[in-house]
Each structure stands twice: as C-alpha cells, then as structure tokens.
2 protein chains.
Amino acid sequence: MGYTIGQVAEKTGLSVHTLRYYEKEGLLPFIKKNSAGLRVFSDSDLGWLELIECLKATGLHLKGIKQYIDWYIEGDSTLQQRLDMFKQQKIRVEQQMAELQKHMNKINYKIELYTKAVKEGTLHPEKETA
Amino acid sequence: MGYTIGQVAEKTGLSVHTLRYYEKEGLLPFIKKNSAGLRVFSDSDLGWLELIECLKATGLHLKGIKQYIDWYIEGDSTLQQRLDMFKQQKIRVEQQMAELQKHMNKINYKIELYTKAVKEGTLHPEKETA
DNA sequence: GCTTGACCTAGAGCATACTCTAAGTCTTAA
DNA sequence: TTAAGACTTAGAGTATGCTCTAGGTCAAGC
C-alpha cells in the first residue's frame, strides 16, 4: 500500500512518462507526494488507472475521462451525469461488440478463402465486395 | 459502377480528404482516373474500402494494411503471408472481444452502483478497485 | 565522499491519421 | 460567357496521446 511510479509502471504496463502525463492532465488527482516530492500511488490509485483503461479502451478520450473525474470530485450533485455517462458507454460497447462480430465474420471468410488458395497455390478471382 | 470521390465519401462516411490520403498512402492502388484526371471508383474499390475499414477497426495501422495490399499486388507468392495476417488478426479480434466483455462487466457494475446512488441521492464510499 | 539509479519538472519532439488550404482545371447550367 | 460547384495536386496544419530530453534532487551502497 504505497507504490513508486516505477512500480506502478511495471504493474500496469504504462510508462512512467504516461503516468506523469495522466496526472498532468488531471486524470489522477488523488495521488499523494511524500516529503521528498516523490509520488506515492495507493491501491485506490491503481483502481483509478484500471477505470481509466476501461474508459479509454471503450472509446472515451482522455478529455472525456477527465470530465468524469471532475464530476466525481464535484460530488453527489453530478451523480446523474456520471450514471448517464456509463449508460452511454454501455451503448458504445454494445455497438463495438456488434461491429467486432461483423469484422470477425469477414476475417473468417478471408481465412477460408486464403486457406484454400494456399492449398491450391493460387487465389481465384474474388469479388472484393464479399 | 463508376463513382466520383464525392459519391464514395457519401457512401462510406469517409471525407474526400481521407479518400485521397488513403490513395496517396498506397491503400487504393486500383482506382482509375478518367481523361480529365478525375478518380473513378468501382464497386471493387468500395470493397477494398470495406476491407480497409475492417482491418483498421480491428487494430491494424494503415502501414499494416498497406503491407497486405502490397502482398496482394505481388500475387500468389504471398498467399501464405496474407493467410497468416488474417489468422493473426483473428486472434486480435478474439482478444478484443474478451477485453470488451471485461469492460462491459465493469461498466454494468458502475451503472448498478450509480443507479442506486442516484436513487439515494448519494454515492456510498466505493473501493475503486472493484 | 562519490557514484548509481530512481525520482522530479518543464517543455520539446514524435507518430498516426487525418483535415484543411491554395491555386488551378473542368463541366454544366443560366 | 460566366459563375457555380465538384474535382485536381502539393503541401501545410491539427488533434490525440504519448515519448523523450535536459537539468536537477535525493537516498543508498562502495
């Protein structure tokens, strides 16, 4: 309970540069510094980093994530906004899943096509619209 | 069968700038130009744009997409490389789907949490690690 | 005491993928 | 014939998200 920036970088796979950058952008407003000015990350900070990753991976930009964090800091008056944001994000993820499934189908078709082609040594004229 | 760049922009949702940029980057090497020097997109070109979108949306950069197209142009000697690329891409999509499901779970948890919070008018102290 | 190594800040630099501008051509319709 | 509108090229500019550098502090071990 109390990690250096290097330890957090190792744990999360983010670079120390990225972690400092996130802090500078206001995404990590809860990090403490010790008397020497070194950042001390708590387990809660690791939780925030996980949430940041979740929101980023589902299509929110850092700006949008900062908005959420600002709402969080503002307190109970922004509960509805935060709920709406997560609901919006859920819709996005559902769309992404549907998209991804379509892309998977296309890729599977290509794998079939090219598996045959490799066997036969040549690719038969293909309509690219398929 | 024979579209202007503006028509393709409308059909695909890409801007005319982006279409020209893709061509400049070598992603659309099959586009013809008419006697006036205007691009004439075929249905096959639309098919290529769909494939480009599929590969881009599943995490391939334009450079990687160009690599595939170069292989395609090179012909049957690159069938194996192209098959391998699609197989690699399939693995990526599977990973993305799993990731997305994890993120969905987290978001659903947050929606539950915030739905309660909105009802009660306050957010109970939450472990961010949840 | 001195070196090493991890940390610090401020700010510059970079990769990707657009996005736009300037200056010009061509077609079409009033 | 002239003005509008869609197209052309070359190249500059922008947004996002890092990524790195310079110059410096500080603690631990030789």
Side-chain angles (χ1 to χ4, degrees), chain A residues 2-42 45-46 48-70 89 92 96 99, chain B residues 2-42 45-46 48-70 89 92 96 99:
Chain A
Y3 311 98
T4 67
I5 196 169
Q7 289 169 331
V8 174
E10 187 139 340
K11 264 178 198 285
T12 59
L14 299 167
S15 74
V16 294
H17 303 295
T18 301
L19 289 167
R20 290 197 198 103
Y21 170 67
Y22 282 2
E23 193 195 21
K24 197 170 62 181
E25 292 302 302
L27 267 50
L28 297 169
F30 308 114
I31 291 176
K32 306 264 188 310
K33 300 214 181 162
N34 67 15
S35 55
L38 303 201
R39 289 174 186 80
V40 180
F41 288 73
S42 68
D45 292 321
L46 294 183
W48 279 100
L49 282 169
E50 262 182 50
L51 182 59
I52 287 168
E53 210 248 305
C54 170
L55 294 174
K56 196 157 73 74
T58 54
L60 215 55
H61 287 182
L62 299 194
K63 222 181 255 184
I65 298 172
K66 173 154 173 43
Q67 171 67 270
Y68 168 74
I69 288 167
D70 288 347
Q89 210 58 13
R92 271 194 218 193
Q96 285 169 29
E99 284 280 294
Chain B
Y3 311 97
T4 67
I5 197 168
Q7 289 169 331
V8 174
E10 187 138 342
K11 265 179 198 283
T12 60
L14 299 168
S15 74
V16 295
H17 303 294
T18 301
L19 289 167
R20 291 197 196 102
Y21 170 68
Y22 281 3
E23 193 196 21
K24 197 169 64 179
E25 293 300 302
L27 266 50
L28 297 169
F30 308 114
I31 292 176
K32 305 263 188 310
K33 301 214 182 163
N34 68 14
S35 54
L38 303 202
R39 289 175 186 80
V40 181
F41 288 72
S42 68
D45 292 321
L46 294 183
W48 278 100
L49 282 168
E50 261 183 52
L51 182 58
I52 287 168
E53 210 248 305
C54 169
L55 293 174
K56 195 158 72 76
T58 54
L60 216 54
H61 288 180
L62 301 194
K63 221 181 255 184
I65 299 172
K66 173 153 175 39
Q67 171 68 271
Y68 168 74
I69 288 167
D70 289 346
Q89 210 57 15
R92 272 193 217 194
Q96 284 169 30
E99 284 281 293

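Please read these numbers as outputs of a predicted model, since none were measured by experiment. Residue numbers begin at 1 in each chain, while the letters A, B, ... track the order of the sequences.
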Review point. Heavy atoms under 4.0 Å, any strand shown: does T4(A) hit a base, just sugar-phosphate, or nothing?
Key: sugar-phosphate
Check your understanding: Can you tell which of dC8(C), dC18(C), dC26(C) lies closest to the side chain of K33(A)?
Key -> dC8(C)
Study note, to complete from the structure: Winner on side-chain proximity to H17(A), out of dT8(D), dC20(D), dT27(C), is dC20(D)
Point to revise | Integer-rounded Å distance: dA6(C) C1' and Y3(A) OH | key: 19 Å
Exercise for review: Whole angstrom is fine here: how far is it from NZ in K66(A) over to C1' in dT16(D)?
Suggested key: 16 Å
Exercise for review: To the nearest Å, give me how far apart CG (N34(B)) and P (dT25(C)) are.
Suggested key: 17 Å
Review point. Can you find a side chain N or O atom of K56(A) that sits less than 4.0 Å from OP1 or OP2 on dC18(D)?
Key: yes
Point to revise | L38(B), nearest nucleotide to its side chain (from dT16(D), dT8(D), dT19(C)) | key: dT8(D)
Point to revise | Interatomic distance where CD belongs to E23(B) and P belongs to dC7(D) [whole Å] | key: 14 Å
Check your understanding: When you match K24(B) and I5(B) each to their closest nucleotide on DNA chain D, which lands nearer the 5' end?
Key -> I5(B)
Check your understanding: Rounded to whole angstrom units, what separation is found between the CD atom of E25(B) and the P atom of dT16(C)?
Key -> 10 Å
Revision key, fill the gap. Taken to the nearest whole Å, CG/L19(A) to P/dC7(C) is 10 Å
**Study point:** Length of the line joining Y21(A):OH and dG11(C):C1', which is rounded to integer Å
**Key:** 14 Å
Check your understanding: Between dC18(D) and Y22(A), is there an OP1 or OP2 to side-chain N/O distance shorter than 4.0 Å?
Key -> yes
Review point. Do you know which two heavy atoms are closest between L27(B) and I65(B), and how far apart they sit?
Key: CG-CG2, 4.1 Å
**Study point:** Closest approach of E23(A) to L28(A) (non-hydrogen atoms, all atoms of both residues)
**Key:** CG-O, 3.8 Å
Practice item. Report the distance from atom CD of E50(B) to atom NZ of K11(B), rounding to the nearest 0.5 Å. Key: 10.5 Å
Check your understanding: Rounding to a whole Å, what distance do you find between L55(A):CG and dG17(D):P?
Key -> 12 Å
Check your understanding: Is any side-chain heavy atom of L49(A) less than 4.5 Å from a side-chain heavy atom of Y22(A)?
Key -> yes
Review point. Touch check for R20(B), heavy atoms < 4.0 angstrom, all strands: base, sugar-phosphate only, or nothing?
Key: base
Check your understanding: Do I69(B) and W48(B) have side-chain heavy atoms sitting under 4.5 Å apart?
Key -> yes
